[in-house]
Amino acid sequence: MLLRVFLLSLFASTKAVRIDEDYSLKESEDEADITRLESSRYETPKKNCSRDIQIIDKLLNGTGYNKFRIPTEDGVKVTVEFWIQAITTIDEITNDFEMDIYINEMWLDPALCFEHLNPCKQNLSLNHQVLERLWTPNSCFINSKIAQIHDSPFKNIFLMLYPNGTVWVNYRTRVKGPCQMDLSNFPMDVQKCNLIYESFNYNKQEVQMSWAPSKFDPDTGKMIAPIQILGDIVLPDYDLLAYTAVAKELEYPAGMWDELHFELVFERRYIWYFMQAYLPTYLTIFISWVSFSLGPRAIPARTMLGVNALLAMIFQFGNIMRNLPRVSYIKAIDVWMLVSMTFIFCSLLELAIVGFKVKDEQPGKKKHTICKKVETAFESSPPGLCRYDERYMLPLDRKSLASYRIHLPQWPPAFVNWPPEKIDTIASMLFPTLFAIFNIVYWSFYTQRKSEMKLNLTSSI
Ligand SMILES: *[C@@H]1O[C@H](CO)[C@@H](O)[C@H](O)[C@H]1NC(C)=O
Ligand SMILES: *[C@@H]1O[C@H](CO)[C@@H](O)[C@H](O)[C@H]1NC(C)=O
Ligand SMILES: *[C@@H]1O[C@H](CO)[C@@H](O)[C@H](O)[C@H]1NC(C)=O
Ligand SMILES: *[C@@H]1O[C@H](CO)[C@@H](O)[C@H](O)[C@H]1NC(C)=O
Ligand SMILES: *[C@@H]1O[C@H](CO)[C@@H](O)[C@H](O)[C@H]1NC(C)=O
């Protein structure tokens, strides 16, 4: 029995040894492959150079590297660069904008210097697992609504170490930042959005943040700013007018902090609003003027025109307003819509006057019969007084009428006696003239205001 156990264990151990041998053999072959590959990739292969993993192990394992200790006692200088990949939305309702952005941070960590280790490469490209073992400035957007590092299929973090200890970290993030929406000039408006980037934990004594200095790129002959736009920014309803990067210093209860401010100014493309709001309003108003040339007898047709125009206008107004926040000040489009509605309302009022005149002019048979009835009903009433015949309940005799005229010489004024045709003719000239004047005033005021706003926003940044 004992012998059997001994034999079994012996067998097992020899097997294990064989496996071990196989494994180590294979690994050494792999290593040879890799070194061969590396030496073929780089033209000047260094003998006995240290590979990435060895360097990382030598730097971080057992050297007493502490990720919670600030690399240099007198403060770390962190330079920041943003590369804007895309700006996806600007939302008026929630007052924010969203963009995909690469955040680049660079600092010097002397503890990570590996020049003395005879590295095979001039830089090490690493991933987020190594970054988790390094000191970082813990910076973030302090005014963002949402900020996340893209993590599909893995965390989009790039880390590069230089032999002199410089660390370069690049995060690909999606940020939702606030916009200071001022819709008073809507839809001819200009909007400003901003983001503030700073170290969350370390104050100015510990971390000095700054935008990377502009570099000269000899390939393209241009200056590379700390903020770069990769590709074109295409938004359906805005154009990116300007953007800027400024560094500010701000006092908090815990000390002074370096803040990096990034501001964007957007200009709305108002073509969509012109097509959806202004153009239909013009047509509706022009149609309401057709009513003046239909003649004073076409009351039902004219009523229909006017009321339909008013309803169409209210519907258009509602449609535009639905996608805007309920601000309590007057927007440019409110002025436009309300004045346009007033024009249509006034054309309906004109129709009412014309209709009244027409009714007044018609020989009223009905009135006489009613009057007779009334006279018979109220036998006690003085002769010649009829409630329906005379508007002012005055006796019909000329003397009293004359005395009435003397009493109020200015009333009724002359235009009350104008025939309905004349009222229509005057309205058909007065309405377009007033509308043209309104257009000139409106467009010149708001375009002037827009250029002033543009200047205000772009000069402040
Ligand atoms: C390479 O390393 C081996 C042992 O680690 C050493 O014997 C050899 O001298 C080294 N060669 C050079 C060129 O440094
Ligand atoms: C550090 O080195 C020790 C051996 O020296 C090893 O057991 C350990 O797994 C290493 N740690 C890391 C994180 O590589
Ligand atoms: C990293 O090193 C490689 C060669 O090892 C070089 O081609 C590349 O330009 C370096 N990258 C940077 C950003 O320095
Ligand atoms: C470290 O090396 C990088 C890349 O070669 C260089 O850009 C940087 O200026 C160096 N930093 C220092 C402090 O020498
Ligand atoms: C532009 O700025 C000036 C001075 O700050 C201010 O008085 C003016 O109202 C601003 N204009 C607009 C359109 O906001």
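Throughout, residue positions are numbered sequentially from 1 according to the sequence presented. Any value given below was found using the heavy atoms of this structure, including those in side chains, with hydrogens, waters and symmetry copies removed. Start at 1 and go down the list; that is how both ligands and their atoms are numbered.
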### Message
Is there a polar contact, in the sense of an N or O pair closer than 3.5 Å, between Asn123 and ligand 3?
### Response
yes
### Task
Starting from atom 14 (O) of ligand 5, find the nearest protein heavy-atom neighbour and note its residue, name and distance.
Asn456 ND2, 3.5 Å
### Task
Starting from atom 12 (C) of ligand 4, locate the nearest protein heavy atom and write down its residue, its atom name and how far away it is, to 0.1 Å.
Asn164 ND2, 3.1 Å
#### Entry: Identity and separation of the nearest protein heavy atom to atom 9 (O) of ligand 5
Glu452 OE2, 4.3 Å
### Message
Checking the side chain of Asn143 only, and the main-chain atoms of Asn194 only, is there a donor and an acceptor separated by less than 3.5 Å?
### Response
yes
### Task
State the atoms of ligand 3, each with its element, that fall below the 4.0 Å cut-off from a heavy-atom position in Gln122.
5 (O)
### Distance from atom 4 (C) of ligand 4 to nearest protein heavy atom, with residue and atom
Tyr162 CD2, 3.4 Å
### Query
Is the Trp135 ring parallel, tilted or perpendicular to the Tyr202 ring (thresholds 30°, 60°)?
tilted
### Message
In terms of relative ring orientation, are Trp168 and Phe158 parallel, tilted or perpendicular, with 30° and 60° separating the classes?
### Response
perpendicular
### Task
Could you check atom 13 (C) of ligand 5 against the protein and tell me its nearest heavy-atom contact, residue, atom and distance included?
Met453 CG, 3.4 Å
### Query
Which of the atoms in ligand 4, numbered in the order shown and given with their element, are less than 4.0 Å from a heavy-atom of Thr166?
1 (C), 10 (C), 11 (N)
#### Entry: NZ/NE/NH1/NH2 to OD/OE distance under 4.0 Å, Asp189 and Lys450
no
### Message
In terms of relative ring orientation, are Phe266 and Phe97 parallel, tilted or perpendicular, with 30° and 60° separating the classes?
### Response
tilted
### Query
For atom 1 (C) of ligand 5, is some protein heavy-atom partner under 4.0 Å away?
yes
### Query
atom 7 (O) of ligand 4: protein heavy atom closer than 4.0 Å?
no
### Message
Quick check on ring pair (Phe, Tyr, Trp, His ring centres under 6.0 Å): which of Trp336, Tyr273, Trp272 does Tyr278 satisfy it with?
### Response
Trp336
### Task
Name the orientation class of the two ring planes belonging to Phe435 and Phe286 (parallel below 30°, tilted from 30 to 60°, perpendicular beyond 60°).
perpendicular
